[in-house]
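Residue numbers run from 1 in the order of the sequence given. Whatever order the structure lists ligands and atoms in, that order sets their numbers, starting from 1.
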Amino acid sequence: MGQVHIFDHPLIQHKIALLRGKETQTKDFRELVSEIAMLMCFEVTRNLPLKDVEVETPVGIAQAKMLADKNVCFVPVLRAGLGMVDGVLSLIPTAKVGHIGLYRDPQTLNPVEYYCKLPVDVAERDVIVLDPMLATGGSASAAISFIKQRGARRIRMMNIIAAPPGIEKVVQDHPDVDIYCAAVDPALNDHAYIVPGLGDAGDRLFGTK
Ligand code: PRP
Ligand code: URA
């Protein structure tokens, strides 16, 4: 059964306060998303599989551990998930990166797929889906379904801000997936934006509005 993990680390909370502000401009917004993703990634990867290695130090042989060879695949959900990639790769530079393109149809609010490219060995990896926003959960649930169709079984979801309907949908559709988020906001508005949230994450990251 998947679990919901909510971060309360002071550094993450501080950066989310800055991120939410309507005066925060694209450059700072982008840097904050990347930094928050890096801090979250530290905890999300706590249980990654390790392999035993022998390391020759200047004074002897150490029995040590390193990440297993086929370790992580990060999958940002386009567009906004792209903003989290640099931060997580700074912690695990050997990870592979898949991409899933989805946007919410403004009328139906249903996710529409336009791109999916995952590493061929995705089924052997721990997959971490990246998206700053989990609102209705439609995009996250669809993204996880695509990844499962490619054979992946160990999947985690990493969001910066989530709302209860999104968490409920992912838990219901994918009870095996752990969800990690840094804030849970109370509600969605009539356009399914998270309130208070931070607005449209993609537009704020890429300066498109
Ligand atoms: C945003 C966000 C999520 C989705 C969340 O993307 O990045 O993918 O909405 O909403 P949901 O939980 O209700 O599905 P958006 O559709 O705005 O696309 P964009 O990243 O290309 O702007
Ligand atoms: N997508 C966003 O970018 N923001 C929201 O609040 C909800 C969905």
Side-chain angles (χ1 to χ4, degrees), residues 2 4 6 15-26 28-34 36-37 40-41 44 74-88 97-118 127-148 155-175 177-209:
V4 181
I6 299 159
K15 288 178 190 294
I16 289 179
L18 297 172
L19 187 69
R20 288 183 189 273
K22 65 177 184 184
E23 305 300 340
T24 302
Q25 299 300 307
T26 300
D28 291 337
F29 192 91
R30 212 178 272 155
E31 287 174 4
L32 285 162
V33 167
S34 183
I36 292 166
M40 291 180 74
C41 185
V44 174
F74 293 113
V75 182
V77 178
L78 309 183
R79 287 177 300 169
L82 288 175
M84 301 170 78
V85 174
D86 283 355
V88 295
V97 182
H99 294 86
I100 293 182
L102 290 171
Y103 68 89
R104 293 198 312 183
D105 181 284
Q107 261 77 48
T108 65
L109 299 178
N110 290 327
V112 181
E113 182 206 353
Y114 60 90
Y115 190 73
C116 182
K117 182 84 176 174
L118 301 175
V127 176
I128 302 177
V129 183
L130 307 173
D131 196 326
M133 309 304 279
L134 180 61
T136 65
S139 306
S141 180
I144 294 166
S145 295
F146 291 137
I147 296 164
K148 285 185 173 173
I155 304 172
R156 299 159 217 213
M157 178 87 219
M158 190 167 141
N159 307 108
I160 296 180
I161 301 186
I167 293 175
E168 280 159 27
K169 178 156 179 67
V170 174
V171 168
Q172 189 173 8
D173 294 355
H174 302 288
V177 172
D178 277 8
I179 303 171
Y180 296 81
C181 45
V184 179
D185 282 8
L188 300 179
N189 69 14
D190 292 345
H191 304 286
Y193 275 90
I194 298 175
V195 182
L198 49 71
D200 189 304
D203 283 337
R204 295 197 66 184
L205 269 168
F206 297 109
T208 39
K209 250 189 199 150

Is there a donor-acceptor pair closer than 3.5 Å between any side-chain N or O of [X] and the backbone N or O of [Y]?
| X | Y | value |
| --- | --- | --- |
| Thr24 | Leu18 | yes |
| Arg156 | Val127 | no |
| Glu31 | Phe29 | no |
| Arg30 | Leu205 | yes |

Ionic contact status for Lys148 with Asp173, cut-off 4.0 Å: no

Nearest 0.5 angstrom please: [X] [atom1] to [Y] [atom2], how far?
| X | Y | atom1 | atom2 | answer |
| --- | --- | --- | --- | --- |
| Phe206 | Leu82 | CZ | CG | 5.0 Å |
| Leu134 | Ile161 | CG | CD1 | 11.0 Å |
| Asn159 | Ile167 | CG | CD1 | 8.0 Å |

Subset of ligand 1 atoms that lie under 4.0 Å from at least one heavy atom of Tyr103: 16 (O)

Sub-4.0 Å atoms of ligand 1 with respect to non-hydrogen atoms of Thr136: 11 (P), 12 (O), 13 (O), 14 (O)

If you compare all heavy atoms of [X] against all heavy atoms of [Y], which two are closest, and at what distance to 0.1 Å?
| X | Y | result |
| --- | --- | --- |
| Gly137 | Val170 | O-CG2, 4.4 Å |
| Gly207 | Thr26 | CA-OG1, 3.8 Å |
| Leu188 | Ala163 | CD2-CB, 3.7 Å |

Min heavy-atom dist Ala192 to ligand 1 below 4.0 Å: no

Backbone or side-chain N or O of Leu134 under 3.5 Å from ligand 1 N or O: no

Geometric N/O contact Arg79 with ligand 1, under 3.5 angstrom: yes

For ligand 1, the portion of Ala80 having any non-hydrogen atom under 4.0 Å away: both

Which heavy atom of the protein is the closest neighbour of [atom], given with residue, atom name and distance?
| atom | result |
| --- | --- |
| atom 17 (O) of ligand 1 | Asp200 OD2, 4.0 Å |
| atom 7 (O) of ligand 1 | Asp131 OD1, 2.8 Å |
| atom 5 (C) of ligand 1 | Met133 O, 3.6 Å |

The one among Gly137, Ala162, Gly166, Ser139 that brings a heavy atom closest to atom 12 (O) of ligand 1: Gly137

Minimum non-hydrogen distance to atom 15 (P) of ligand 1, winning option of Arg204, Arg104, His191: Arg104

Any protein heavy atom < 4.0 Å from atom 1 (C) of ligand 1: no

Nearest protein heavy atom under 4.0 Å from atom 19 (P) of ligand 1, yes or no: yes

Residues in the immediate environment of ligand 2 (any heavy atom closer than 4.0 angstrom): Arg104, Met133, Ala135, Ala192, Tyr193, Ile194, Gly199, Asp200, Ala201

No-hydrogen, no-angle side-chain donor-acceptor test under 3.5 Å, Arg104 and Thr136: no

